[in-house]
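Just below is one structure, and these are the notes that go with it.
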Amino acid sequence: MHGTSPSGEPTRSGSRADEDAGDPTRGGGGGSRRRPAGATGLAPVWSRDFALFFVARALARLGDTMLPVALAAGLLQHGYGAGAIGLAMAASAAPFAGLVIFGGVIADRFSTRKLMIGADLVRLVTQALAAGLFFAGHVLLWQLCVIGAVNGAAGAVFQPGVASTVPRLAADVQGANGAIRIAESAAQLAGPALAGLLVAFSSAGGVFAAHAATYALSALCLLLLRLPPAAPGSRPHGGSFRGDLVVGWREFRARTWLWGVIVIWCVYMLFISGPTVPLVATEVVRRYGAGAYGLINSALGAGTVVGGLLALRLRPRHMLRAGSIALFAFACFPAAVGAGLGVPAMSAGAVAAGAGMSFWGVMWATSVQTQVAPDVLNRIHAYDVAGSLAMMPFGQALAGPAATVLGADNVLLVAGAMTLVVCTSLLLVPAIRNLLRVDPRAPLARTSPAVRRPARREPR
């Protein structure tokens with residue numbers, strides 16, 4: 001589960017710089033970001049700058065999908081088990097979830113492009129260091145946990161800017177999110193298989209070196225990117241850092257559909273996503289080898305391509321309702337692995353899960369980006385991400401002990417059953433189920449800090 005100000009107030013010194021705006025003739029200059037393409041000057045989806053962002057996101061996803069294969073294979077080769085793999089993953093997720101809220105405020109004050117480039121460069125260095133440790137053959141769990149923590153902190157600075165970058169580059173926000181989802185899905189299709197080959201013919205160190213290279217290329221794409229100007233008044237008021245945090249929290253709390261999804265998503269992370277990632281990696285690699293795990297993850301990537309294509313074509317009136325229904329398909333993945341149905345059945349379950357998760361992801365991202373006023377979008381997105389991931393480190397860290405007590409297969413079967421519970425819960429909340437899509441041609445007025453309830457078609 002994933003900043004601008006129509007009041008026309010002067011920009012703060014040191015906030016988004018003019019160099020980040022690029023060529024003013026490319027659009028975004030007047031009024032709300034929800035105006036039609038003809039009013040903003042933005043292309044519906046494709047432009048040079050969106051293509052650069054598209055490639056950057058695909059490269060980042062390529063590296064991210066290689067990482068679980070590298071961690072699972074590398075740690076298993078050095079005598080560690082599922083608990084260590086879960087801790088290594090949690091070491092990155094915990095600082096990310098804990099710091100991303102502060103990253104949202106920083107993104108509302110400074111150049112999002114520069115922040116994202118800096119975060120990519122930090123992760124380039126850390127992943128290169130991890131590659132060196134594996135090549136040297138002296139790998140300790142605490143070393144990987146420290147590297148993961150630095151990566152998580154860098155990701156916390158990077159992620160908030162993603163939400164506000166998409167609507168600044170494309171007038172059709174859902175189409176842009178769908179295209180990015182397909183790019184990320186294609187990367188997920190290729191990443192695990194590539195990681196499996198690198199592990200088989202080189203070592204886990206080769207995977208980490210390739211992951212470092214993806215960050216370098218992503219940073220290069222973002223360096224070449226020029227964001228169109230933000231809408232007038234799109235920068236936050238000149239308040240304190242703490243004040244900006246408080247305003248973001250109040251705006252987040254004012255939207256029942258938003259915090260309702262996050263509360264339910266905590267359950268998803270604790271009982272489903274948290275244990276599924278390390279346990280699926282461990283069980284599949286142990287039973288069938290790293291190549292089979294790469295194949296299954298590629299099937300998951302193929303499913304997310306399908307979900308992204310569906311999200312490009314379908315424009316449901318109730319986006320979160322449609323996304324929640326699609327998300328039921330995710331239960332197929334952990335259930336198939338837990339039931340020990342074999343690689344073909346696991347791959348089929350991964351395809352269904354990927355399609356459902358991808359469609360939900362586009363519906364959710366588009367809802368946030370179109371329902372939330374631009375001047376608080378980075379902070380709201382940061383609260384969204386922090387809340388969504390709050391329970392993931394606990395789920396990952398507890399995966400090993402739970403597997404020891406209950407058995408890994410049983411934990412995965414529980415994850416499949418809990419998916420059904422989570423999706424049903426989403427549909428039972430009226431504010432989530434009945435949220436109407438916002439017409440992207442209608443101007444989206446800023447919510448004044450003094451008016452905490454947004455004037456939005458939100459069922460209460």
Side-chain angles (χ1 to χ4, degrees), residues 1-2 45 54 57-58 61 64-65 162-163 166-167 170 172-189 191 257-258 260-262 264-265 267-269 272-273 276-277 296-336 347-371 381 384-385 388-389 415-416 418-429 432-438 440:
M1 316 248 295
H2 339 315
V45 175
F54 176 90
R57 298 307 301 147
R61 186 60 178 162
D64 290 343
T65 57
V162 173
V166 172
D172 180 0
V173 178
Q174 182 178 333
N177 282 318
I180 290 172
R181 180 68 61 171
I182 292 172
E184 293 175 343
S185 301
Q188 184 167 336
L189 184 63
W257 62 269
L258 184 60
V261 169
I262 301 309
I264 295 171
W265 215 249
V267 177
Y268 175 87
M269 288 296 178
I272 303 168
S273 183
T276 293
V277 174
I296 290 171
N297 269 278
S298 294
L300 188 67
T304 56
V305 170
V306 172
L309 290 171
L310 288 174
L312 281 177
R313 296 185 60 86
L314 302 179
R315 304 277 170 150
R317 185 165 179 257
H318 298 93
M319 300 180 73
L320 296 185
R321 181 188 302 179
S324 300
I325 293 171
L327 194 59
F328 275 101
F330 188 84
C332 299
F333 185 33
S347 299
V351 170
M357 178 58 73
S358 179
F359 188 81
W360 160 265
V362 174
M363 296 299 107
W364 173 247
T366 304
S367 295
V368 174
Q369 291 164 3
T370 57
Q371 297 275 349
H381 179 61
D384 157 25
V385 172
S388 298
L389 299 180
M418 287 301 297
T419 302
L420 307 182
V421 173
V422 163
C423 296
T424 301
S425 300
L426 290 170
L427 292 171
L428 288 176
V429 179
I432 299 171
R433 181 180 69 247
N434 297 327
L435 183 72
L436 295 173
R437 72 179 296 124
V438 167

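Values below: every heavy atom of this structure, side chains too, minus hydrogens, waters and symmetry copies. Nothing here was measured: the structure is a model prediction, and the numbers come from that model.
Considering only residues two or more places apart in sequence or on other chains, R57 meets the salt bridge (charged side-chain N to carboxylate O under 4.0 Å, His left out) condition with E184.
Between atom CE of residue M363 and atom CG of residue L314 there is a gap of 7.5 Å, rounded to the nearest 0.5 Å. The distance from atom CZ of R321 to atom CZ of R437, rounded to the nearest 0.5 Å, is 13.5 Å. Considering CD1 of I180 and CZ of R61, their distance stands at 13.0 Å, rounded to 0.5 Å. Once rounded to the nearest 0.5 Å, the distance linking CG of L426 with CZ of F328 reads 8.5 Å. Here the CD1 atom belonging to I325 is positioned 11.0 Å from the NE2 atom belonging to H318, to the nearest 0.5 angstrom.
A donor-acceptor pair under 3.5 Å is formed between the side chain of Q174 and the backbone N or O of A311. With hydrogens and angles disregarded, a donor-acceptor distance shorter than 3.5 Å links the side chain of S358 to the backbone of G308.
Counting only heavy atoms from C-beta outward, the side chains of I272 and F330 approach each other to under 4.5 Å. The shortest distance between side-chain heavy atoms of F333 and M357 does not fall below 4.5 Å. Using a 4.5 Å cut-off on side-chain heavy atoms (C-beta onward), L320 and R433 make no contact. Between V267 and M418, the closest side-chain pair of non-hydrogen atoms falls below 4.5 Å. Counting heavy atoms from C-beta on, the side chains of F359 and V306 never come closer than 4.5 Å. A 4.5 Å side-chain heavy-atom check between L435 and M319 finds every atom pair outside the cut-off.
A pairwise comparison of heavy atoms in A415 and T276 identifies CB-OG1, 3.7 Å as the closest pair. Taking every heavy atom of both residues into account, A331 and L420 meet most closely at CB-CD2, 3.9 Å. Nearest heavy-atom pair across T304 and R181 is O-CG, 4.4 Å. Of all heavy-atom pairs spanning A179 and L312, the tightest one is N-CD2, 3.9 Å. Closest non-hydrogen pair, A329 versus G356, comes out as CB-CA, 4.4 Å. Of all the heavy atoms in A353 and L300, the pair that sits closest is CB-CD1, 4.1 Å.
Results of the side-chain contact (heavy atoms from CB on, under 4.5 Å) test with T424 over L427, L428, V421 single out L428 as the only residue that passes.
Between W360 and W364, the ring planes are parallel. Angles under 30° get that label, and only those over 60° would be called perpendicular.
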